[in-house]
Amino acid sequence: MNIEVTEIRKQFKTPVTREGRFAGLRTLFSRDYIVKEAVRGISFQVDSGEFIGYIGPNGAGKSTTIKMLTGILHPTSGKVLLGGMDPHKERRQTVRRLGVVFGQRSGLWWDLPVKDSYDILTEMYGVTPADKKRRLDQFAELLDLHEFWATPVRKLSLGQRMRADLAAAMLHDPDLLFLDEPTIGLDVNAKRNIRQFLKILNEQFGKTILLTTHDMDDIEQLCKRVMVINEGQLSYDGTTQGLRDSIGLPTLFRVAFRGAFHIPEHFQASLSERNNPIISSSLINMPIHVTKVQDNIVTVEANRQEWSTMDILRELEGWGEIDDIDMEEPDFEDVIHRVY
Ligand SMILES: Nc1ncnc2c1ncn2[C@@H]1O[C@H](COP(=O)(O)OP(=O)(O)OP(=O)(O)O)[C@@H](O)[C@H]1O
């Protein structure tokens, strides 16, 4: 199911709080409001089958956007269409095709065993017993649900609860999934399991997934495309690799030479800068420069926006006979840090 979002805005009006006698009553009847524009004119399209990340700093407007997409909030202006339907006006039809998972709170009944929650949900969505059985068998295996099948939700570990919630969101076989922080608070192992499951949902089941997260490993490992929201507006919409490239943090190449090698002087900017910052400042703009030489290993920082990997390798080959090369991309956390 595709998503079409056109120029959506959301303003929140909160009454100005009065002070002094009868403050509460005066606030209630006040005509003065503070207007907060949480989302300020966002447009994007998501094709069926995409796995897209939606990231931004705290308070940027992510949850407000998701609430408008899922029909919980109505945009102050602009339009949302999910598979051609308005999620607010055609709520019943859209809800059937949506799955929503919030990492911070469970969609299951706290005191009931997991399986009882599934019974209620399948009733609510009118899922046939045969479909219910088929889907639960499938997810029980993929998410290892059996170990806590009869346990009340409140007694589950965070990782178990997340698995139970994901299966719950899939019971009515939605086309489109909204996931809000599905790996929050999980240990490395549990995160890996959840990511693997999400990958299967997207690649094998063809689900369209929009993922909100503060975990940049989620984005790197799962999403080809990422949108960044900053102060209510999109500041980036493109490939994850493109975001990395646009920030221009250097890639590190560690090259081991066999035997003698020669580094052309103009690539030694950083080395000489350490010794003499004045001489080399004009050379620092070279697309690659050597930052360290230790025995036969040369470390080179390269700006891959200016030179392709092939250009860089060709240049390095000219310096001597290469024994081995190790390449290290900039850390995605660092990239995002620059974007925010
Ligand atoms: N119901 C509301 N009334 C008034 N202001 C609100 C309301 N909901 C959100 N806001 C404000 O709108 C802005 C965006 O909030 P939102 O929850 O969408 O951010 P977010 O990107 O999801 O943040 P986080 O990463 O912390 O969850 C914030 O300044 C928030 O205080």
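Each residue takes its place number in the sequence, starting with 1.
The closest side-chain heavy-atom distance from I3 to F178 is below 4.5 Å. Under the 4.5 Å side-chain criterion, counting only non-hydrogen atoms from C-beta, I184 is not in contact with D215. Between Y236 and I55, every side-chain heavy-atom pair lies at or beyond the 4.5 Å cut-off. In this structure the side chain of Q160 never reaches within 4.5 angstrom of the side chain of V114, judged on heavy atoms. Residues W319 and H262 are not in side-chain contact: their nearest non-hydrogen atoms beyond the backbone lie 4.5 Å or more apart. Side-chain contact between T14 and K36 is absent, with no heavy atoms from C-beta onward closer than 4.5 Å. Between M216 and D331, every side-chain heavy-atom pair lies at or beyond the 4.5 Å cut-off. In this structure, D173 and D131 have side chains that are not in contact, with every pair of non-hydrogen atoms separated by 4.5 Å or more.
Summarising the geometry of G53 relative to C223, their closest heavy-atom pair is N-SG, 3.5 Å, with the distance given to 0.1 Å. Nearest heavy-atom pair across L316 and F257 is O-CE2, 3.7 Å. Scanning both residues, L108 and A168, for their nearest heavy atoms gives CD2-CB, 3.5 Å. Residue L171 comes nearest to V127 through the heavy atom pair O-CG2, 3.8 Å, listed as atom of the first residue, atom of the second, then distance. Across all their heavy atoms, E315 and P264 have their closest contact at OE2-CG, 4.0 Å. Across every non-hydrogen atom of P174 and L177, the tightest pair is CG-CD2, 4.3 Å.
Note that the CE atom of M124 and the OG1 atom of T122 stand 10.0 Å from one another [nearest 0.5 Å]. Atoms NE2 and NE2, on H88 and H74 in that order, are 5.5 Å from each other to the nearest 0.5 Å. In this structure, F261 CZ and I297 CD1 are separated by 9.5 Å, a value rounded to the nearest 0.5 Å. Here the straight-line distance linking atom NZ of K10 with atom CE of M68 works out to 7.0 Å at 0.5 Å rounding. The CE atom of M227 lies 12.5 Å from the CG atom of L243; values are rounded to the nearest 0.5 Å. For the atom pair T212 OG1 and I66 CD1, the distance stands at 3.5 Å (nearest 0.5 Å).
Side-chain heavy atoms closer than 4.5 Å link hydrophobic residues (I, L, V, M, F, W, Y) into clusters, and following such links, even through other members, never connects V335 to L234. A single hydrophobic cluster is not seen to contain both L211 and L98; linkage of ILVMFWY side chains at heavy-atom distances under 4.5 Å, directly or through other members, places them apart. Under the 4.5 Å side-chain heavy-atom criterion for grouping Ile, Leu, Val, Met, Phe, Trp and Tyr, I120 is connected to L136 within one hydrophobic cluster. Note: the hydrophobic cluster containing I325 also contains F267 (ILVMFWY, side chain heavy atoms under 4.5 Å, direct or indirect links). Linking ILVMFWY residues whenever their side-chain heavy atoms come closer than 4.5 Å, directly or via other members, places L186 and L156 in the same cluster.
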TODO: Apply side chain to side chain contact (heavy atoms under 4.5 Å, CB included) to the pair L166 and L179, showing each step before the final yes or no.
DONE: CA-CA 9 Å; L166 277 169; L179 309 173; 4.2 Å; yes
Open item on the list: If you apply the rule side chain to side chain contact (heavy atoms under 4.5 Å, CB included), what do you find for K191 with I194, and how did you get there?
Closed with: CA-CA 5 Å; K191 278 186 186 184; I194 297 292; 5.9 Å; no
Open item on the list: As a quick check of understanding, evaluate side chain to side chain contact (heavy atoms under 4.5 Å, CB included) for Q138 and M170, giving each step before the final call.
Closed with: CA-CA 11 Å; Q138 212 163 31; M170 296 306 300; over 6 Å; no
Task: Verdict with supporting geometry, Q45 and N2, side chain to side chain contact (heavy atoms under 4.5 Å, CB included) - done: CA-CA 7 Å; Q45 303 224 345; N2 69 330; 5.6 Å; no
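A donor-acceptor pair is defined here as one N or O able to donate and one able to accept, closer than 3.5 Å; no such pair exists between the side chain of Q233 and the backbone of G41. In this structure, the side chain of T240 engages the main chain of K224 through a donor-acceptor pair within 3.5 Å. At least one donor-acceptor pair under 3.5 Å links the side chain of S43 to the backbone N or O of E7. Here the side chain of R91 pairs a donor or acceptor atom with the backbone of T70 at under 3.5 angstrom. Put simply, the side chain of K62 gets close to the backbone of P57: a donor and an acceptor are under 3.5 Å apart. Put simply, the side chain of T76 gets close to the backbone of Q11: a donor and an acceptor are under 3.5 Å apart. Under the 3.5 Å distance criterion, the side-chain polar atoms of S117 are matched with a main-chain donor or acceptor of W109. Of the possible donor and acceptor atoms, none in the side chain of R163 sits under 3.5 Å from a partner among the backbone N and O of L145. With hydrogens and angles ignored, the 3.5 Å screen pairs no side-chain donor or acceptor of R9 with any backbone N or O of S77.
D86 meets the salt bridge (Lys or Arg N to Asp or Glu O under 4.0 Å) test with K89; sequence neighbours excluded. Not counting sequence neighbours, the partners of D119 by the salt bridge (Lys or Arg N to Asp or Glu O under 4.0 Å) test are K132. Residues satisfying the side chain to side chain donor-acceptor pair (under 3.5 Å) criterion with D237, sequence neighbours excluded, are R225. Applying the salt bridge (Lys or Arg N to Asp or Glu O under 4.0 Å) test to E141 and every residue at least two apart in sequence or in another chain returns nothing.
Remark: E147 CD is packed, more than 12 non-hydrogen atoms of other residues, nucleotides or ligands lying under 6.0 Å away. Within 6.0 Å of CZ in R134 there are more than 12 heavy atoms belonging to other residues, nucleotides or ligands. Residue E231 places its CD atom among 12 or fewer non-hydrogen atoms of other residues, nucleotides or ligands, all under 6.0 Å distant.
Sorted by first then second residue, the ring pair (Phe, Tyr, Trp, His ring centres under 6.0 Å) pairs that include residues 36-59, not counting sequence neighbours, number zero.
Looking at V80, L81, L82 one by one, the single match for side chain to side chain contact (heavy atoms under 4.5 Å, CB included) with E4 turns out to be L81. Between T299 and the options V255, V293, T291, a side chain to side chain contact (heavy atoms under 4.5 Å, CB included) holds for only T291.
Using cut-offs of 30° and 60° on the angle between ring planes, the pair H146 and W149 is tilted. Note on ring orientation: taking the six-membered ring where Trp is involved, the planes of Y125 and H172 are parallel (angle under 30°, cut-offs 30° and 60°).
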Side-chain atoms of residues 199-206: list all donor-acceptor pairs with protein atoms under 3.5 Å, sequence neighbours left out, distances to 0.1 Å.
| unit_1 | atom_1 | unit_2 | atom_2 | d |
| --- | --- | --- | --- | --- |
| K199 | NZ | Q221 | O | 3.0 |
| N202 | ND2 | G49 | O | 3.0 |
| N202 | ND2 | K207 | O | 2.9 |

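For the residue pair D165/S106, the side-chain donor-acceptor check at 3.5 Å is satisfied.
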